Amino acid sequence: MHQRHLPASPNWYCSRCSDINGKGVLGFGAKNTIYLLNVTASSPAVTGELTGHTERVSGFAFCPHDGQERICASTSDDKTVKIWDAGQKILLKEHNVHQSTISAVHWSPVQKLLLVTGDEKGIVVCYWFSSNDTQSFFPEPRTIFCLSCSPHEENYIAVGYKDGMIVVIDISKKGEVIHRLRGHDDEIHALAWCPQPREDEMSLILSIDGSNGVTEAAEMGCYLASGSRDQTVRIWSTARGKGVMTLKLPFLKRRGSGVDPVVKERLWLTVHWPKGQPSQIVSSCFSGEIIMWDLMKSGKQKWSLLGSSSDGQNHSRIVFNMSSFRSGDRELLLSTSMDREIKCWDLASLECCWTLPTLGGFVYCLSFSPVGTGCLALGIGDSMIRVWNTLSIQNQYDIKTFWQGIKSKVTALAWHPLKEGTLAFGTDDGKVGINEVYSNKPPQISSTYHHRTVYSLSWGPPVPPMSFGGSGDKPSYSLYSCAGEGVIFQHDPWKLSGEASNIDKLIRDTNNIKHKIPPHTDLSWKPDGSVLAIGNEDGSIEVLKAPMLKLLCTVQQHHKIINSLRWHHEHSSQNELQYLLASGSTNAIVYVHDLKSAIETPSEIPVLMTESFRTLSGHTNKITSLAWSPHHDGRLVTVCYDGTAQASYTFLLKKRVEMEKKRGPQKKSKKKKAAPEKRGMKAEERELPLGEEIKGAAGSGAEEGQSENDKEEEERENTDGPSVTGNGPSFLLSSLAVSSKSKTLERLLWYFVYIILFILDLSLKKRKPRSILPLSTSMDHRPKEELQQDCLTLAAVRYSHGSGDHIQLGLFTDRDALYRMFQEEGDHVEAGHYDSMVYLRLWKGDLIGAINLAAEKGELTDHLLSLAPMAGYQVWARTVEAYVKQLCHHEQFLKAASHLVSIHKLYEAINLLKNHQEAIALASARLQPEDPVLKNLFMSWAAVLEKDGHYATAAKCYLAADSNFDAAKVIAKKGDVISLRTAANLAQISGESELAHSLSLRCAKDLMLFQDWAAAQEVLRTQDSLLGHRLVFSVNEILTQRLADTDVVTWSVASSHTWSKSCEENFLSMVHRVWQSEFGVAATDLVQVKMLHQQLRTVENPPATTSVPLKHLLFHISLDVTLCALSQLLCDWPSVLEELLQALTRGYEAGHFTLMAEMYSTDERSLVISQSVEALVCYQLMYKKWWNYSAETSALTNNTISNGHRLTEKNHSEVEANCNGEAQSDVIFSEGFWKVLLSEPHANLQATQRAIAEIQRRVTSLIQQHNPCKDSHASPQALSTSQSETSEDQGGSLSGKSESLSTLTARVAEHHKALAAIPELVNKYPFPDVMECCIVLLHMEKHFTPFPPHIHSKATTLLCKYGTTELLSSGPIRHTIFHLI
């Protein structure tokens, strides 16, 4: 027969708990077992399992090397790593190097037989299988979630952590971290290396920008894919150590449904990079979808959905693991999911090949439909029902799953006997419902719940009150349920919303029962609906006739709880079999009862049946279920807690009528030896009640003259025959075999003997209390002659004053004899009944001896302890101590501590309860408040509570121990805003100002991330020392509000202040105004401003990186702007510029160009202004340097002359050398410095302006020349001077040629035209004289180290192009040259 298996469900939330080798063998961990499947494109087949772990399997991986495909490794929460041979299914090796839970495993694809594992403490262990060597590394103190060995570099391992960090380590360099890949901000669920080895080739394939320079390292590097809980898949370059591509998961709406808002919280994002497809990556998605990313595709949608052609192909819940292999010419992908299904996908067509359902819990019940052929229902402990069409040809695992309305384990199932697809179910939480398996409607749930687990369901005819009414007003079948509280409810399947009826009321009324009805444990309706059998907790079975449930008989064969009842089916070839009822209980025996006479000919008084028809005794533990074969007569299958299912051919009935006729009253046999022989037999060997005619019917007319030897031989046959077991169809026949020579009368006699023995067996169970004087009691049951002799002996002793060792007479003689009797009795019972010995010693008055005996045997009681003070205080104290040890041995610590307190051993009592909270109560009630023991108790209990996560209670303990700092710290451990605020307030109240400062600031930063500005300021307001940080938060709030109108800030603000609303006011002016009005910070209080500036300068403000979130980046910028604004109030302008520059450059460092565009003023006017300011500063610095040099030279010269010496050439050289050294070390004379001053646009502007001024001067001179009388009062000497100057000008300027006024006017117009062509902004703002700077540069070059040639060349060019002789003779230039010389 072809077998089909449903394995257990793969484990959840593991980075690699399933894997497939190149031969198509899939292995996955399910609970603490590994299941193995042979996988093809058409179907899977379960081939076996690997068992050995004691806790959940957390990882599984096959060895990828050729020839080693059968070797696999598994990790478990039991902290062991096991190596298996999957072919032979045996354990090869194991190690337990890890000290914490193992969370990741992978075989190295390059290093042969290298297995790498990682645990939650961050330890990476490398294990070489061939040499059995291990090596441990600790790259990061973080929780490892996954790891993956590089397929191209044998020493590289990528490790993913819980906090989103990914590191690449080199195990050949003792685990040195090669790269830290930052970008994810949540758990790393999976890592996958690109199958293509070189990044330069992959860059061309994937169109990844490699313009940063593909070096030799890039050629050796390899791309790495990661999946994270932050909903992104990232591609990393291990050569460059940074991310090159980010893929955001799409939200996929299923047909007819929206996106579940809680899906994000339950995301597991696993990734897989198929070997033969380097440009494609497979990843999971939000709701169980699997998507294929095409990295070569352009546009936004780079993904394709697997199984999109039809509904039902995708998983319905998140996917945990994926692995692929090549089967022929097809690349197949295997996936495991939270929906408890394993799916196989064709990566070429993206279609699902097959689905293998798995079971997420124990199978509690099975039921085949009586109407739908081959339709099997399974009740599972994972709160789901599976309905399996076992006859499906196209899909051998055609299973539908039902979970709606079910919130706990499914423990009972029952198909409707006539209506196809109607399935009733009961659950562990007492719920009863009905599912229509061929409909998509949710199930109907009964409004009446059981208080405990529903163990049994059965469809049967309705009984009152439901049976009242016409045929059309009531259902043909009712649903009956029995649960752990012992009640059977009748549910109306037409109206489950109505209240169900308890059938116990009908049973009481019909049968006039006054006593308490025993709790019911199971029920079974006879297939024809005429009789109901109910099993009870006391082992009895009640048989009731429908519809009024009149009691027909009670079967009292079992003595323990009835677990299962089953009627034989009615479509057998022998009509008598339909009256057989099989029952199984906790006592491991199955009884079959023949109820034909009780049903067909019921008596007025219900019959008590104490004998079974057949007894099956093959099991060794309690019976859990029974089933009659519907295809055979008399074949019964039983299942048991011993792990076996046993099938039995129990009955081949013939000529039963003959037996029924002979069931009249018979005389009892007078054989005395027969009863003891049979009494010593096993219960199953004694059962020979009915049906003996299997072999003896044909020989029932045997001769009466049978010999005694023949009878004995027959008895020996019956006694020594084998018991009924489940090993084959012949086992029962051999046990029931009776010699054909035996007579019917003798068999009937044996029948009555068995009944008597059974009654005796029941009577023995009501045992009398054990005698405290067993020897004397036993002697009282001696023969009558010996008892009469005792009377004579007693008379002789009493009246003749004799003595003797007559133990049995100790009660009737003197005290010494009584004590001797007590001693003998004590020696006899000392073997186990110590309480009797104690009582005997107490009666003798030996209280200390009784206490010592009880203490020695560990049998002290409260009664003995209460008697101990009669023997003195010391005895009582020792007894209490012994009793305390005894109670501690039984883990009754509270009681033991109370007794220690009674003898004033308070500290011992507290130490006894030190691991319990009650120790604090006791210590607080009895110790002084300053006692160090009390504080130690609070501290130790707080540590326990803190470890268990009960932070609030732990804080109370710390506070009680006056450890306020620890109390605040433990509350802050939770990390949420409420906890941080509470911890900060607690620290402030307790006087821990520094801790309150840090916690308040931490809380405010968290509120800042939530954009709750009002709450953040409220938290900071409680600490006066945080005023500086309040200023930073106010600047951050104003900046965020300003950017809210742009594309930079896209999030919503939870709360804000009115003063932060965006307006037209200058940003820094607005900041100063808000500070003065809201925080009282103004320029008038320079001491406060300086203190705030110094406080904020100590705050760490790290440089910006590309991975910094925008909210953090804005906070860092706000800190820089706050320092800038404070420096402005202090008039510290260099610091203003420095801090403002730092704020402006953070956007550039973070690569956030949108933020840069909003913060920077990019108009041309700002650039020109900044150039003018920079040039004027450089101009001032240029002369400052030259004047310093001139002052030093003059001082040296004067000093030399005053001493009577001249400045030699050597001394001059030293001076110049000193100046040169200063110049070289000074940044003022850098190349950029001169580039600012030697601006050609400004040189052109200044030359044009000078030309216009010169022409205007000449025009003025001509006008004065033609109007000599304009100044009539001028003296002749002045007039001659003016004429001489005019003649000189004409001779010098015009080179001896006269120019007319019109010519000069034309030249002025040309220069004005050239001036108009110069940009207005260049002309608007002042700039140093470029020609003057050129002359100074050329002159300074003689005394300092030569400047770069191109700077010298540029200065010379500008002088030649824009300089004139008039320029050299002009006032400012002459003045400059004079100072230079």
Side-chain angles (χ1 to χ4, degrees), residues 976-978 980-981 984-985 988 997 999-1085 1088-1089 1091-1093 1095-1096 1099 1109-1130 1136 1139-1140 1143-1144 1146-1147 1154-1155 1157-1161:
D976 58 289
V977 172
I978 297 177
L980 290 174
R981 178 179 289 185
N985 293 336
Q988 184 180 12
H997 178 104
L999 291 175
S1000 297
L1001 186 57
R1002 182 179 165 192
C1003 179
K1005 288 183 178 180
D1006 287 351
L1007 289 168
M1008 177 269 294
L1009 295 179
F1010 293 112
Q1011 297 295 289
D1012 194 350
W1013 300 108
Q1017 289 288 351
E1018 185 66 27
V1019 170
L1020 296 175
R1021 186 178 290 112
T1022 60
Q1023 306 287 333
D1024 295 336
S1025 60
L1026 294 177
L1027 178 59
H1029 293 280
R1030 293 183 66 193
L1031 300 181
V1032 176
F1033 275 75
S1034 67
V1035 172
N1036 194 1
E1037 182 178 356
I1038 295 172
L1039 180 60
T1040 303
Q1041 293 285 15
R1042 286 286 181 100
L1043 296 175
D1045 300 332
T1046 66
D1047 294 334
V1048 177
V1049 174
T1050 57
W1051 56 80
S1052 59
V1053 176
S1055 67
S1056 62
H1057 299 86
T1058 55
W1059 43 259
S1060 65
K1061 302 301 181 184
S1062 181
C1063 61
E1064 298 297 330
E1065 187 180 359
N1066 178 270
F1067 182 78
L1068 287 178
S1069 300
M1070 180 179 180
V1071 168
H1072 289 149
R1073 176 178 57 80
V1074 171
W1075 284 1
Q1076 184 173 2
S1077 61
E1078 299 295 331
F1079 306 104
V1081 177
T1084 56
D1085 191 354
Q1088 182 189 28
V1089 174
M1091 181 191 67
L1092 293 174
H1093 189 273
Q1095 177 188 356
L1096 294 180
V1099 177
L1110 181 56
K1111 292 180 181 178
H1112 291 84
L1113 179 61
L1114 291 178
F1115 184 79
H1116 297 326
I1117 292 174
S1118 300
L1119 178 56
D1120 292 328
V1121 173
T1122 304
L1123 289 170
C1124 174
L1126 290 173
S1127 298
Q1128 185 178 358
L1129 294 178
L1130 294 171
V1136 170
E1139 288 151 355
L1140 184 60
L1144 295 175
R1146 285 192 179 273
T1154 307
L1155 179 61
E1158 295 297 334
M1159 290 187 61
Y1160 301 169
S1161 179

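Here the structure is a predicted model, which is why all the values come from computation and not from measurement. Numbers here simply count residues along the sequence, with the first being 1.
A 4.5 Å side-chain heavy-atom check between L1027 and V1081 finds at least one atom pair inside the cut-off. Taking the side chain as every heavy atom from C-beta outward, V1121 and L1039 never approach each other to under 4.5 Å. In this structure, the side chains of R1073 and M1070 come closer than 4.5 Å at one or more pairs of heavy atoms. Counting only heavy atoms from C-beta outward, the side chains of V1019 and V977 never approach each other to under 4.5 Å. Contact check for I1038 versus W1013: no side-chain heavy atoms found under the 4.5 Å cut-off.
A donor-acceptor pair is defined here as one N or O able to donate and one able to accept, closer than 3.5 Å; such a pair exists between the side chain of Q1095 and the backbone of S1025. Looking at Q988, its side chain does come within 3.5 Å of a backbone N or O of T1022 through a donor-acceptor pair. The backbone N or O of L1026 lies less than 3.5 Å from no partner atom in the side chain of H997, so there is not a single donor-acceptor pair.
Taking the six-membered ring for Trp and thresholds of 30 and 60 degrees, H1057 and W1059 have nearly parallel ring planes, at less than 30 degrees apart.
The CG atom of N1036 lies 10.5 Å from the OG atom of S1060; values are rounded to the nearest 0.5 Å. We find the CD-CZ distance between Q1017 and R1030 to be 5.0 Å, quoted to the nearest 0.5 Å. Here H1029 contributes atom NE2 and L1001 contributes atom CG; the two are 5.0 Å apart, rounded to the nearest 0.5 Å. Atom OG of S1000 sits about 7.0 Å away from atom CG of N985, to the nearest 0.5 Å.
Of all the heavy atoms in T1122 and V1032, the pair that sits closest is OG1-CA, 3.5 Å.
The number of heavy atoms from other shown groups lying within 6.0 Å of NE2 (H1112) does not exceed 12.
With S1056 as the partner, the side chain to side chain donor-acceptor pair (under 3.5 Å) test is satisfied by one option alone out of Q1011, K1061, E1037: K1061.
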